[in-house]
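For the numbers below, each heavy atom of this structure counts, side chains included, while hydrogens, waters and symmetry mates do not.
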Amino acid sequence: MDDDQRAGGTWAVNLAGSFLLGGVVGYLAARSVDPALRNGVTVGLLGGFTTFSTYALQSVELWEAGRPQWATLNVFVSTIAGLALAALGLAVGRALS
């Protein structure tokens, strides 16, 4: 698997995780859920699902490999799209509750 394929997989997981985390938080906000359970599901399960550390390492590796344009694209796409999908997930979760 080359660097571009790995970055694409990392984007997919980070963006899906951002959406799912936003959705679960939005959904649980309207319910009386034990804070320990909420944290276990959001921070524990979904936080472990997203691969931020892999994204960070891949960005550094791309930069060090002489591919600063890909490193920069990786940072911006993951950050901007992640924020947008987290907001969308939050709205969907709230709408479903």
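Looking at every heavy atom in both residues, L46 comes nearest to L21 through CD1-CA, 3.8 Å. Minimum interatomic distance between G82 and L15 (heavy atoms only, all atoms of both residues): N-CD2, 3.3 Å. When every heavy atom of S97 is checked against every heavy atom of A30, the shortest pair comes out as OG-CB, 3.5 Å.
Annotation: side-chain contact (heavy atoms from CB on, under 4.5 Å) contacts of L83 (sequence neighbours excluded): T79. Residues satisfying the side-chain hydrogen bond (donor to acceptor under 3.5 Å, both in side chains) criterion with W11, sequence neighbours excluded, are N74, S78.
Within the model, atoms CG of L85 and CG of L90 stand 12.5 Å from one another, a figure rounded to the nearest 0.5 Å. Between the CG atom of L37 and the CG atom of L28 there is a distance of 7.5 Å, given to the nearest 0.5 Å. The line from CZ of R67 to CG of L62 is 6.0 Å long, rounded to the nearest 0.5 Å. Rounded to the nearest 0.5 angstrom, Q69 CD and L73 CG are separated by 9.0 Å.
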Could you walk me through whether W63 and T72 satisfy the side-chain contact (heavy atoms from CB on, under 4.5 Å) test, starting with their C-alpha distance in whole Å, then the side-chain angles of each, then the deciding distance to 0.1 Å, before giving a yes or no? CA-CA 8 Å; W63 191 276; T72 302; 3.8 Å; yes

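Using a 4.5 Å cut-off between side-chain heavy atoms of Ile, Leu, Val, Met, Phe, Trp and Tyr, with links allowed through other members, V92 and V33 fall into the same hydrophobic cluster. There is no path of hydrophobic side-chain contacts, each under 4.5 Å, that joins L88 to I80.
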